[in-house]
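This report concerns only the one structure given below.
Along the sequence shown, residues carry numbers from 1.
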Amino acid sequence: DFVQAYPQADIKVTIYLHTPQGIDLGGDNYDVVLKLKKNLYGLKDAGLTWWEMISKGLLDLGFEQTDTDQCVFKKDNVIILIYVDDCIILSRTKEDLDKTLQDIKKNFNITDEGNIETYLGIQIDHGQGYMKMSQPNLINRIIEAIPGMDKANPKSIPMSPTTVLTKDKSGKDRQETWNYRSLIGMLNYLVNTTHPELAYSVHQCARFCNEPKHSHEQAVKEIVRYLINTRINTEDKTEYNGLMFKIDSSQSIVCYVDASFAGDWNQSWSEEPSSVYSRTGYAIYFGGCPIIWHSKLQSEISLSTTEAEYI
């Protein structure tokens, strides 16, 4: 973790400040201004200034940015992941890890928090030959966001495969007051990190954040009931299932993909253009572990099931 990351960078523009209240400079403070010398939280380009400093610092140490993700740096057997002021350093050997950390400390104020246990709200558990990623705190927040949901009956699946949500213009209005858009945001983060099985159901609900109906809030509650089913009660705490990574060196890259041709056709409003769009879903595995997954409507209208598979 970079300590006070933004102020570690020098400011690139000239900025003067009024003397803050409570500071006595030995005269009339109204006649004195202060010149800002370091990057400061709240400045419109503070994040960019810090990013330019940390990326240049790593490049000067011999690291290279990956083409697919500019926040990932690689050098020999060491990989560094940067997210604002948090970073993960990966290496095959402890010697390379310690040396990299010492090199970074020469130019940056950084703390070593040891083996990774949590990162960006993701709980990481290590076992013999496996690693598990889960988000118990986020799931608890999602359950608590809907009053009374903590006592609901669990479900084995998040949504029926035959369920197709529509705008439901003639349907009932929402009957509850919890924040629909906020809950969808939390579910989206859950999908993108540890629960790929929710991609289809959450994407369907997310399409109607602008004007959700009763049918949409019921669909969200069904997803939450599924999350309750992933709960694991232990002697000292409550945990939830997540992603389990067990490396299979005999496998390289494997991709599973499928498409649903005009999945909403004849089930939603006949004048709704999105009803004729097909849906694509895929999951890509590397070494037997899922690394990328997605479920979305296609951007073009397919004219056949074959065309839907190729788009």
### Query
In Å and rounded to the nearest 0.5 Å, what is the CG to OG1 distance from L243 to T194?
6.0 Å
### Task
Apply the test side chain to side chain contact (heavy atoms under 4.5 Å, CB included) to residues I139 and H195: give CA-CA distance (whole Å), side-chain angles for both, the deciding distance (0.1 Å), then the verdict.
CA-CA 11 Å; I139 293 179; H195 280 272; 3.9 Å; yes
### Joint hydrophobic cluster, V84 plus I104, side-chain heavy atoms closer than 4.5 Å
yes
### Query
Of all heavy-atom pairs between R279 and S295, which one has the smallest distance, and what is that distance?
NH1-OG, 3.1 Å
### Task
Could you tell me whether E64 and K75 make a salt bridge, using a distance below 4.0 angstrom between a side-chain N and a carboxylate O?
no
### Salt-bridge present (K213, D173; N to O < 4.0 Å)
yes
### Separation between NZ of K37 and OG1 of T14, rounded to the nearest 0.5 Å
12.5 Å
#### Entry: Main-chain N/O of L48 paired to D45 side chain as donor or acceptor, under 3.5 Å
no
#### Entry: Donor-acceptor under 3.5 Å (S182 side chain, N179 main chain)
no
### Query
What about I15 and L40, same hydrophobic cluster or not, with Ile/Leu/Val/Met/Phe/Trp/Tyr joined at side-chain heavy-atom distances under 4.5 Å?
yes
### Task
Identify the two heavy atoms, one from N107 and one from M53, that lie closest to each other, and give their separation to 0.1 Å.
O-CE, 4.4 Å
### Query
Is there side-chain contact between D1 and E113, with at least one heavy-atom pair below 4.5 Å?
yes
### Task
Compare every heavy atom of S302 with every heavy atom of A308, then report the nearest pair and how far apart it is.
CA-OG, 3.4 Å
### Query
Should I142 and L190 count as side-chain neighbours, where that means a heavy-atom distance under 4.5 Å?
yes
#### Entry: Distance (rounded to the nearest 0.5 Å) between T166 OG1 and R207 CZ
9.0 Å
### Query
Do the side chains of I110 and Y41 join up, straight or via other hydrophobic residues, at under 4.5 Å, putting them in one cluster?
yes
### Query
Do R92 and D96 sit within salt-bridge range, that is, some charged N less than 4.0 Å from a carboxylate O?
no
### Query
Do D248 and S250 have side-chain atoms, one donor and one acceptor, less than 3.5 Å apart?
yes
### Task
Report yes or no: do I291 and V257 belong to one cluster of Ile/Leu/Val/Met/Phe/Trp/Tyr joined by side chain heavy-atom distances under 4.5 Å?
yes
### Query
Under 6.0 Å from the CG atom of D67, do we count more than 12 heavy atoms belonging to anything else shown?
no
### Task
Write down the atom of F261, the atom of S278, and the distance for their closest heavy-atom approach.
CA-OG, 3.4 Å
### Message
In the structure I gave you, are the side-chain heavy atoms of L43 and V13 within less than 4.5 Å of one another anywhere?
### Response
no
### Message
Quick check on E117: does its CD atom have over 12 non-hydrogen neighbours (other residues, nucleotides or ligands) under 6.0 Å away?
### Response
no
### Task
Output yes when a side-chain donor or acceptor of Q218 lies under 3.5 Å from a complementary backbone atom of H214, and no otherwise.
no
### Beyond-backbone contact of M159 with Q204, side-chain heavy atoms, under 4.5 angstrom
yes
### Message
Students often mix this up, so state it plainly: with edges at 30° and 60°, are the rings of H216 and F208 parallel, tilted or perpendicular?
### Response
parallel
### I253 and I284: CA distance, side-chain angles, deciding distance, side chain to side chain contact (heavy atoms under 4.5 Å, CB included) verdict
CA-CA 7 Å; I253 295 180; I284 300 176; 4.0 Å; yes
### Task
Spell out, as yes or no, whether a donor-acceptor pair under 3.5 Å connects the side chain of S91 to the backbone of T93.
yes
### Query
In terms of side-chain geometry, is the basic nitrogen of E222 or R225 positioned less than 4.0 Å from the acidic oxygen of its partner?
yes
### Message
What I want to check is whether the side chains of Q70 and T66 have a donor and an acceptor closer together than 3.5 Å.
### Response
no
### Query
Under 3.5 Å, is there a donor-acceptor pair between the side chain of D112 and the main chain of G114?
yes
### Query
Y83 side chain to Y119 main-chain N or O, any donor-acceptor pair under 3.5 Å?
no
### Query
Do we see a donor-acceptor contact under 3.5 Å between the side chains of T280 and Q298?
yes
### Query
E144 side chain to D150 main-chain N or O, any donor-acceptor pair under 3.5 Å?
no
### Task
Give a yes-or-no answer on whether the side chains of T193 and Q135 include a donor-acceptor pair shorter than 3.5 Å.
yes
### Message
On a heavy-atom basis, which atom in D258 and which in E309 lie closest, and how many Å separate them?
### Response
OD1-OE2, 3.4 Å
### Query
Are there more than 12 heavy atoms of other residues, nucleotides or ligands under 6.0 Å from atom NZ of K99?
no
### Whether Y285 and Y256 hold their rings parallel, tilted or perpendicular, with breakpoints at 30° and 60°
perpendicular
### Query
Got a sec: does the CG of N210 have more than 12 other heavy atoms crowding it under 6.0 Å?
no
#### Entry: Minimum side-chain heavy-atom gap L97-V78 below 4.5 Å
no
#### Entry: Sidechain N-carboxylate O distance under 4.0 Å for E211, K169
no
### Message
I'd like to know whether D10 forms a salt bridge (charged side-chain N to carboxylate O under 4.0 Å, His left out) with K38, so could you lay out the CA-CA distance, the side-chain angles of the two residues, the decisive distance to 0.1 Å, and finally the verdict.
### Response
CA-CA 5 Å; D10 293 326; K38 286 291 186 177; 2.8 Å; yes
### Query
Are L81 and F73 side-chain neighbours, meaning at least one heavy-atom pair lies under 4.5 Å?
no
### Query
Is it true that the side chains of S215 and D168 contain a donor and an acceptor less than 3.5 Å apart?
yes
### Query
Should the pair F2 and F108 be assigned to parallel (<30°), tilted (30 to 60°) or perpendicular (>60°) ring geometry?
perpendicular
### Message
Return the CH2 to OH distance between W50 and Y6, rounded to the nearest 0.5 Å.
### Response
9.5 Å
### Query
Quick one: do the Y226 and E197 side chains pair a donor with an acceptor below 3.5 Å?
yes
### Query
Looking at E217 and R174, does any basic side-chain N land under 4.0 Å from a carboxylate oxygen?
yes
## Note on the structure
CD1 of I228 to CD1 of I143, rounded to nearest 0.5 Å, is 4.5 Å
### Query
Would one find more than 12 heavy atoms of other residues, nucleotides or ligands at under 6.0 Å from atom NZ of K246?
no
### Task
Go through E52 and K12 one step at a time and tell me if the side chain to side chain contact (heavy atoms under 4.5 Å, CB included) criterion holds.
CA-CA 11 Å; E52 290 177 344; K12 299 188 298 182; 2.9 Å; yes
#### Entry: Side-chain touch Y200/H294, heavy atoms, less than 4.5 angstrom
no
### Task
For side chain to side chain contact (heavy atoms under 4.5 Å, CB included), just list the numbers for K155 and N229, CA-CA rounded to whole Å, side-chain angles, deciding distance to a tenth of an Å, and then say yes or no.
CA-CA 6 Å; K155 281 194 62 178; N229 193 50; 5.7 Å; no
### Query
Same hydrophobic cluster for F245 and I247, using side-chain heavy-atom links shorter than 4.5 Å among ILVMFWY?
no
### Query
Q123 and P136: which non-hydrogen atoms are nearest, and at how many Å?
OE1-CG, 3.4 Å
### Task
Rounded to the nearest 0.5 Å, what's the gap from CD1 on I80 to CG on L58? Could you check?
5.0 Å
### 4.5 Å side-chain heavy-atom contact, I116 and I88
yes
### Message
I'd like to know if the side chain of W178 reaches the main chain of L183, judged simply by a donor and an acceptor atom lying under 3.5 Å from each other, with no hydrogens or angles considered.
### Response
no
